Amino acid sequence: MLTYDHEYWMEQAFKEAEKAFEKGEVPVGAVIVFNNSIIGRGHNLIETLQEPTAHAEMIAITAAADYLESRRLLDTILYVTLEPCPMCAGAIVLARIPVLVYGANDPKSGFCGTLYNTVQDQRLNHRVEIVKGILENKCSLIISDFFKKLRETN
């Protein structure tokens with residue numbers, strides 16, 4: 001496994017989640033690290049762009065692929081504040097990302113171990129190492145704060 005300071009890089013993903021929060025988006029942030037540098041970053045822009053695929057992970061994966069000029073993100077680590085959904089889990093497998101680090105579990109749409117585990121399905125041609133629970137409380141709290149604020153506004 002590639003070794004990195006998971007808490008440091010998750011803090012960088014959390015900064016992206018804060019950007020989403022400020023925009024009224026579900027606060028999820030992601031960064032992709034390669035050779036100890038961020039080569040892709042993203043936060044949810046689903047509402048802003050009115051684009052259902054504008055998840056933090058998808059935006060970060062696109063940026064990293066552009067940076068590496070390759071659809072294969074070998075030797076990278078994806079840090080994301082919330083467990084990826086089915087779409088993002090599929091993109092992680094297709095991008096051949098070897099390591100996924102996430103903060104909070106997603107009991108409603110988590111497809112990296114909670115509801116299903118797409119990224120480690122033995123039937124697929126690529127499997128991802130998962131590290132979960134990094135800054136879990138902080139990552140969970142921003143999500144619950146967002147939905148609490150949303151309920152109060154409505």
Side-chain angles (χ1 to χ4, degrees), residues 1-21 25-46 49 51-144 146-147:
M1 176 186 137
L2 306 169
T3 57
Y4 284 95
D5 179 349
H6 293 322
E7 288 189 8
Y8 173 80
W9 295 113
M10 187 61 74
E11 285 287 354
Q12 305 312 303
F14 189 82
K15 288 177 184 177
E16 291 295 316
E18 290 176 316
K19 291 177 188 176
F21 188 96
E25 297 277 355
V26 175
V28 178
V31 297
I32 296 179
V33 177
F34 176 74
N35 287 341
N36 220 30
S37 295
I38 295 174
I39 61 166
R41 63 177 70 238
H43 55 274
N44 275 0
L45 290 171
I46 298 161
L49 300 176
E51 167 57 60
T53 66
H55 290 204
E57 302 96 319
M58 301 296 282
I59 293 166
I61 288 169
T62 298
D66 286 347
Y67 178 88
L68 293 175
E69 298 180 340
S70 176
R71 65 183 178 86
R72 293 187 176 181
L73 304 182
L74 307 174
D75 301 320
T76 65
I77 300 179
L78 169 60
Y79 291 86
V80 62
T81 57
L82 184 66
E83 179 182 1
C85 73
M87 174 184 66
C88 294
I92 291 164
V93 170
L94 292 173
R96 308 295 195 273
I97 295 172
V99 181
L100 163 67
V101 180
Y102 71 83
N105 290 334
D106 186 347
K108 294 190 178 189
S109 63
F111 263 55
C112 296
T114 299
L115 295 178
Y116 187 76
N117 194 345
T118 299
V119 299
Q120 292 183 331
D121 190 315
Q122 295 298 311
R123 296 169 294 182
L124 300 178
N125 64 341
H126 176 74
R127 280 163 294 291
V128 178
E129 179 178 338
I130 300 172
V131 178
K132 58 185 173 179
I134 304 298
L135 303 181
E136 181 176 12
N137 291 338
K138 187 174 187 175
C139 293
S140 293
L141 187 59
I142 194 171
I143 299 270
S144 58
F146 173 81
F147 285 108

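Side-chain atoms are counted along with the backbone in the values below, which use heavy atoms only and exclude waters and symmetry mates. Values in this document were obtained by computation on a predicted structure and should not be read as measured data.
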| task | For residues I130 and N117, determine if any side-chain heavy atom of one lies less than 4.5 Å from a side-chain heavy atom of the other. | result | yes
| salt bridge (charged side-chain N to carboxylate O under 4.0 Å, His left out) contacts touching residues 87-105 (sequence neighbours left out) | none
| Interatomic spacing from CG in L94 to CZ in R72 - rounded to 0.5 Å | 10.0 Å
| query | What is the minimum heavy-atom distance between T118 and A89, and which atoms define it? | reply | CB-CB, 3.8 Å
| message | Whether the side chain of S144 engages the backbone of L141 through a donor-acceptor N/O pair (distance < 3.5 Å, no angle test) should be reported. | response | yes
| message | Using only atom types and a distance under 3.5 Å, with no angle test, would you say the side chain of E83 pairs donor to acceptor with the backbone of D106? | response | yes
| request: Could you go through the side chain to side chain contact (heavy atoms under 4.5 Å, CB included) check for E25 and H43 one step at a time? | output: CA-CA 9 Å; E25 297 277 355; H43 55 274; 5.7 Å; no
| Roughly how far apart are L100 CG and Y102 OH, rounded to 0.5 Å? | 7.5 Å
| What's the spacing between N44 CG and T81 OG1 if we round to 0.5 Å? | 8.0 Å
| task | For residues S140 and A104, report the shortest heavy-atom separation together with the two atoms involved. | result | OG-CB, 3.3 Å
| request: Decide yes or no on side chain to side chain contact (heavy atoms under 4.5 Å, CB included) for V119 and R127, but give the supporting numbers first. | output: CA-CA 5 Å; V119 299; R127 280 163 294 291; over 6 Å; no
| request: Work out which heavy atom in N105 is nearest to a heavy atom in K132; give both atom names and the distance. | output: OD1-CD, 4.1 Å
| field | Minimum heavy-atom distance R41-I59, with the two atoms named | value | O-CG2, 3.7 Å
| field | Test salt bridge (charged side-chain N to carboxylate O under 4.0 Å, His left out) applied to E51 - qualifying residues, sequence neighbours left out | value | none
| remark: Value for CD1 (I32) from CD1 (I39), rounded to nearest 0.5 Å, stands at 6.5 Å
| Do Y116 and D121 have side chains that get closer than 4.5 Å, going by heavy atoms? | yes
| message | For a 4.5 angstrom cut-off between non-hydrogen side-chain atoms, does F14 reach V31? | response | no
| note | For G42 and A56, the nearest pair of non-hydrogen atoms, with its separation, is O-CB, 3.6 Å
| request: Go through V28 and I143 one step at a time and tell me if the side chain to side chain contact (heavy atoms under 4.5 Å, CB included) criterion holds. | output: CA-CA 8 Å; V28 178; I143 299 270; 4.1 Å; yes
| Is it true that a side-chain atom of H126 and a backbone atom of I92 form a donor plus acceptor pair closer than 3.5 Å? | no
| said: Under the criterion side chain to side chain contact (heavy atoms under 4.5 Å, CB included), I'd like the reasoning laid out for L68 against T76: C-alpha separation, chi angles, the key distance, then a yes or no. | reply: CA-CA 10 Å; L68 293 175; T76 65; 4.2 Å; yes
| request: May I ask you to check whether over 12 heavy atoms, not counting those of F146, lie within 6.0 Å of atom CZ? | output: yes
| query | Got a second to check how far E129's CD is from I77's CD1, nearest 0.5 Å? | reply | 8.0 Å
| Roughly how far apart are I38 CD1 and E16 CD, rounded to 0.5 Å? | 7.5 Å
| Ion pair present between K15 and E18, side-chain N to carboxylate O less than 4.0 angstrom? | no
| Within 6.0 angstrom of E7 CD, more than 12 heavy atoms from elsewhere | no
